[in-house]
Protein chains: 2
Amino acid sequence: MCDDFAMDDVAALERDRDRLSRSSTAERVADILRERIAEGFFTPGQRLSEEAIGTALGVSRNTLREAFRLLGHEGLLRHQLNRGVFVRVLSLEDVTDLYRVRRVIECSAVRRATPDALGPLREAVEDGERAAAENRWRDVGTANLRFHQGITRLNGSQRLDDLMRQLLAELRLVFHVMRNPRSFHEPFVARNRELLELMAAGELDKAERELAAYFDDAEALLVEAYRPAP
Amino acid sequence: MCDDFAMDDVAALERDRDRLSRSSTAERVADILRERIAEGFFTPGQRLSEEAIGTALGVSRNTLREAFRLLGHEGLLRHQLNRGVFVRVLSLEDVTDLYRVRRVIECSAVRRATPDALGPLREAVEDGERAAAENRWRDVGTANLRFHQGITRLNGSQRLDDLMRQLLAELRLVFHVMRNPRSFHEPFVARNRELLELMAAGELDKAERELAAYFDDAEALLVEAYRPAP
DNA sequence: ACATAAGGATCGTTGAACAATCCGACAAGA
DNA sequence: TCTTGTCGGATTGTTCAACGATCCTTATGT
């Protein structure tokens with residue numbers, strides 16, 4: 001009888017799991033498009049045709065339009081009335097603003113670092129170092145984004161985590177335009193390690209100053225080289 | 001001839017301005033709904049019926065669904081699959097997170113205050129004081145929100161301004177649930193004045209500490225009294 | 001009282017249709 | 001040759017009708 005109750009309980013939980021993953025078609029289409037943009041399949045400036053994509057994905061235009069609206073607020077798409085939807089091309093001002101926000105959020109986060117919260121950051125740093133040693137620069141970039149998402153999480157705010165996820169997705173659009181990702185990722189592998197060790201040692205003021213300098217350098221490097229199509 | 005060119009130039013620019021303000025019906029519907037939520041016409045927890053609102057506004061359900069998607073990301077609406085769209089009810093955790101974000105953003109902003117940038121803040125403080133003297137507590141709340149949007153603007157970041165606009169709209173949902181807005185606005189009229197004067201005097205460290213204490217107090221007051229419907 | 005089935009309301013999606021807008025190609029005029 | 005105007009085609013934005021799926025409420029049976 002106690003065993004019977006446990007079996008029913010487990011079955012009910014499995015049904016709940018099924019419900020958690022249900023989503024509307026519009027949301028699933030948005031997921032697909034989000035991934036395709038992140039991996040560079042759809043490139044900055046490209047127009048997303050309702051007709052073509054609706055046909056390719058086997059969904060109606062209305063559903064696709066809902067999906068486009070879902071992505072609009074994430075800074076990935078730009079709607080132009082009567083002309084369609086385009087993958088965003090970030091301006092130099094956008095890049096500058098991205099870094100301004102990152103300074104505010106990530107420098108605040110670093111001041112809250114405790115050694116027991118650094119596990120995921122350590123992992124990202126190690127993954128980045130490994131990928132760099134093997135010349136996998138795309139993977140270095142990915143590990144770097146994880147490192148910064150991890151820093152943000154030190155703030156302990158869901159909203160800031162969500163915002164940073166979006167900012168890093170936008171930044172990825174910037175990198176898609178760049179010709180040589182190695183030059184933007186390579187210098188920062190060692191600096192991520194340095195930041196991590198400063199935080200682990202509790203030298204939080206120093207970590208914050210180092211992170212601010214890091215952003216100054218990263219921004220200058222990017223602004224110097226970023227050439228969005230006009 | 002040189003005069004003719006100048007006249008044509010001006011006329012072309014005016015036409016561009018007309019184009020700037022054109023928007024799709026879905027966007028205009030979202031604007032209307034956003035205002036109606038902000039003013040409390042649609043209240044937290046209320047379900048927004050596609051049928052009823054579509055009929056009332058004279059737009060099709062598809063257009064309305066697009067408008068709902070536009071508002072979803074602003075934290076004003078909550079989609080529930082197969083059950084409809086509801087005006088968000090913020091949880092206590094939401095309130096706590098809102099204040100966490102505000103501390104990060106607004107305390108960073110205060111450190112950047114310069115006397116020549118304080119005009120709009122001064123105006124908001126004065127409007128708030130005037131409204132309080134006349135017992136217009138809703139207007140006090142509005143002036144308070146303007147003051148804080150003004151603080152955020154000191155960061156000089158469009159993205160942070162947009163984020164704060166959204167956070168303050170969410171906070172307004174919290175106030176709609178509260179029974180006595182006066183008790184939440186009154187103590188902060190004088191504290192806004194104090195913050196303003198500290199910034200004007202260049203005492204930025206002190207202003208930042210005062211703002212952090214302000215948020216601790218405001219959050220505690222709100223968390224103590226906020227009772228969202230279950 | 002509890003469980004089950006049925007009915008109604010509504011959401012999610014599809015597809016067709018039409019009006020409006022935009023862009024490109026081409027022709028005409030200076 | 002360059003500029004302007006016109007037209008046609010492509011596409012977007014919106015509406016409408018329809019249908020299946022889901023959820024909630026109500027009714028019925030045990």
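So you know, we letter chains A, B, ... as the sequences are listed, proteins then strands, and number each from 1. Remember, it's a predicted structure, so these values are computed and weren't measured experimentally.
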Qualifying residues under ring-ring contact (aromatic ring centres under 6.0 Å, His included), relative to B/His185, sequence neighbours excluded
B/Phe175
Sequence-distant partners of B/His79, ring-ring contact (aromatic ring centres under 6.0 Å, His included), two or more places apart
none
Near DNA chain C, under 4.0 Å by heavy atom, which residues of residues 76-86 of chain B?
B/Gln80, B/Leu81, B/Asn82, B/Arg83, B/Gly84
Distance in angstrom units between B/Glu51 CD and C/dG12 C1', rounded:
15 Å
Rounded to the nearest Å, what distance is computed from the CD atom of residue A/Glu27 to the C1' atom of nucleotide C/dT13?
13 Å
Pairs touching residues 160-173 of chain B that satisfy salt bridge (charged side-chain N to carboxylate O under 4.0 Å, His left out), sequence neighbours left out:
A/Arg159-B/Glu170, B/Arg88-B/Glu170, B/Asp162-B/Arg165
Enumerate the residue pairs fulfilling ring pair (Phe, Tyr, Trp, His ring centres under 6.0 Å) with a member in residues 26-68 of chain B, sequence neighbours excluded, ordered by first and then second residue.
none
For the pair B/Tyr99 and B/Phe215, name the ring-plane relationship: parallel under 30°, tilted 30 to 60°, perpendicular over 60°.
perpendicular
Looking at A/Ser24, I'd like to know whether one of its side-chain N or O atoms comes within less than 4.0 Å of OP1 or OP2 on C/dG12.
no
With sequence neighbours excluded, what pairs up with A/Phe86 under the ring-ring contact (aromatic ring centres under 6.0 Å, His included) test?
none
According to salt bridge (charged side-chain N to carboxylate O under 4.0 Å, His left out), does anything in residues 77-87 of chain B pair up with another residue at least two apart or in another chain? List the pairs.
none
Partners of A/Arg136 by side chain to side chain donor-acceptor pair (under 3.5 Å), sequence neighbours excluded?
A/Glu134, A/Asp139
Heavy-atom contacts under 4.0 Å between residues 54-67 of chain A and DNA chain D, which residues?
A/Arg61, A/Asn62, A/Arg65
Tell me the interatomic distance from A/Arg47, atom CZ, to D/dT12, atom C1', rounded to whole angstroms.
9 Å
At under 4.0 Å, does any side-chain N or O of A/Thr25 touch on OP1 or OP2 of C/dG12?
no
